[in-house]
Each structure stands twice: as structure tokens, then as C-alpha cells.
Amino acid sequence: MIAQKGRLSKLIDANCPHPDHPALVCHNGPVLTYAALRQLRRDTQTFLQSLVRPWERVALISSDPRLLLPMLLAVTETAVCVPLDPAMDSQYYQDQMQLLGVDWVLCEASLDSALES
């Protein structure tokens, strides 16, 4: 299935014709170009569309700003996005996911242990 662009992705594409320009500059130095942003969004959304239905809730947990923006775009253009604070403990995640009816979790590998507890 081809990943369909949402309004935010279309806005990003329309306002930056130069893919090698910085899209996101993090406070600690890493830079995400528009080309990388587009590719990460497309790859994440394509993966999600193979598993997730549009009405399902996807918890998004990331402390990496280079991943957060493309993941946020991909999730909001595919399903219902439930962003959660990456600094919280496993009890918080369990409580929030139950309260919000989360169907799927998209997170960094480093957070797997906090979610499994």
C-alpha cells in the first residue's frame, strides 16, 4: 500500500523544494534533512498501514527528536495518535494505555523494558 500524505506532510513538501536543507536541528547538534524526514515518515507510515486500522490508537513514545517528528507525522496520517512522555515509568505507561484504549505502541527499542514491566 502506498503511504498517503496528510496535510502536514504536504505542507512540508510544498514549502521546501530543497531536500538537502535542514528540516530539524536538534539542540545537541544532529540535523535531519527534509529528504530524511520524508523518507522516515514514508517508511514508518507504510509499515503502520500494514498493521494498523485508521480508528485504532497508536501510542507514540520517543525521546529522540530526530525520530519524533517523522513518527508523529506517520502516525497522525495513519491512525489516532496518543503521544506519551518518554521519561515516565512502566506504571504510568500501563495506566495511560489502559485509560486511553491504546491498541499499538510505537517506541524506541530502549523503552521496551519499561513497557514490558
Side-chain angles (χ1 to χ4, degrees):
M1 176 183 282
I2 297 173
Q4 298 296 315
K5 292 182 186 177
R7 289 182 183 159
L8 290 174
S9 290
K10 289 178 184 177
L11 184 63
I12 289 169
D13 288 350
N15 289 292
C16 186
H18 306 289
D20 58 334
H21 284 191
L24 181 64
V25 179
C26 304
H27 65 86
N28 57 354
V31 174
L32 184 70
T33 65
Y34 281 96
L37 171 65
R38 291 173 183 149
Q39 188 63 47
L40 282 168
R41 181 211 54 91
R42 189 172 28 252
D43 292 349
T44 305
Q45 187 178 8
T46 299
F47 171 74
L48 286 173
Q49 286 177 334
S50 68
L51 300 170
V52 179
R53 295 178 295 242
W55 57 86
E56 291 183 309
R57 292 181 177 97
V58 178
L60 175 60
I61 312 168
S62 177
S63 59
D64 186 341
R66 292 168 299 162
L67 295 176
L68 187 58
L69 183 58
M71 287 171 41
L72 183 63
L73 289 171
V75 173
T76 58
E77 293 173 4
T78 305
V80 179
C81 186
V82 180
L84 296 176
D85 186 346
M88 302 310 287
D89 62 15
S90 62
Q91 187 60 53
Y92 168 83
Y93 292 135
Q94 290 173 5
D95 292 345
Q96 290 300 303
M97 288 191 282
Q98 183 177 5
L99 176 71
L100 299 168
V102 170
D103 300 295
W104 299 89
V105 177
L106 184 61
C107 70
E108 300 164 27
S110 62
L111 294 170
D112 282 348
S113 60
L115 293 171
E116 292 174 358
S117 303

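On a predicted model such as this, the values are computed, not experimentally measured, just so you know.
- Using a 4.5 Å heavy-atom threshold, the side chains of Ile61 and Glu108 count as separate.
- The shortest non-hydrogen separation linking Thr33 to Pro19 is CB-O, 3.5 Å.
- Gln49 and Thr78 share no side-chain donor-acceptor pair at under 3.5 Å.
- At distances below 3.5 Å, at least one donor-acceptor pair connects side-chain atoms of Arg57 with backbone N or O atoms of Leu100.
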- Message: Set out, in order, the CA-CA distance, both residues' side-chain angles and the distance that settles side chain to side chain contact (heavy atoms under 4.5 Å, CB included) for Val58 and Val82, then state yes or no.
- Response: CA-CA 6 Å; Val58 178; Val82 180; over 6 Å; no
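- Residues that satisfy the side chain to side chain contact (heavy atoms under 4.5 Å, CB included) test with Asp85, not counting sequence neighbours, are Ala87, Met88, Tyr92.
- Follow the hydrophobic side-chain contacts under 4.5 Å out from Val52 and you reach Leu72 in the same cluster.
- Here Pro22 pairs with Val25, Val31 under the side chain to side chain contact (heavy atoms under 4.5 Å, CB included) rule; sequence neighbours left out.
- Partners of Glu56 under the salt bridge (Lys or Arg N to Asp or Glu O under 4.0 Å) rule, at least two apart in sequence or in another chain, are Arg53.
- Looking at residues two or more places apart in sequence or on another chain, you find no side chain to side chain donor-acceptor pair (under 3.5 Å) involving Thr44.
- Proximity of Trp104 to Leu48: side-chain heavy atoms (C-beta onward) are nowhere separated by under 4.5 Å.
- Checked by atom type and distance alone, the side chain of Thr46 never pairs as donor or acceptor with a backbone atom of Asp43 at under 3.5 Å.
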- Chi angles and distances behind the side chain to side chain contact (heavy atoms under 4.5 Å, CB included) call for Met97, Leu84: CA-CA 9 Å; Met97 288 191 282; Leu84 296 176; 4.1 Å; yes
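- Considering every non-hydrogen atom in both Arg41 and Glu77, the closest pair reads NH1-OE1, 3.4 Å.
- In terms of the side chain to side chain contact (heavy atoms under 4.5 Å, CB included) criterion, residue partners of Leu40 (sequence neighbours excluded) are, by chain and number, Leu32, Pro70.
- With sequence neighbours left out, Gln91 forms a side chain to side chain contact (heavy atoms under 4.5 Å, CB included) with Asp89, Gln94, Asp95.
- Atoms CE and SG, on Met71 and Cys81 in that order, are 8.5 Å from each other to the nearest 0.5 Å.
- Residue Ser62 comes nearest to Pro86 through the heavy atom pair O-CG, 3.5 Å, listed as atom of the first residue, atom of the second, then distance.
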- Task: Take Leu60 and Thr76 through the test side chain to side chain contact (heavy atoms under 4.5 Å, CB included) and record every step on the way to the result.
- Result: CA-CA 10 Å; Leu60 175 60; Thr76 58; over 6 Å; no
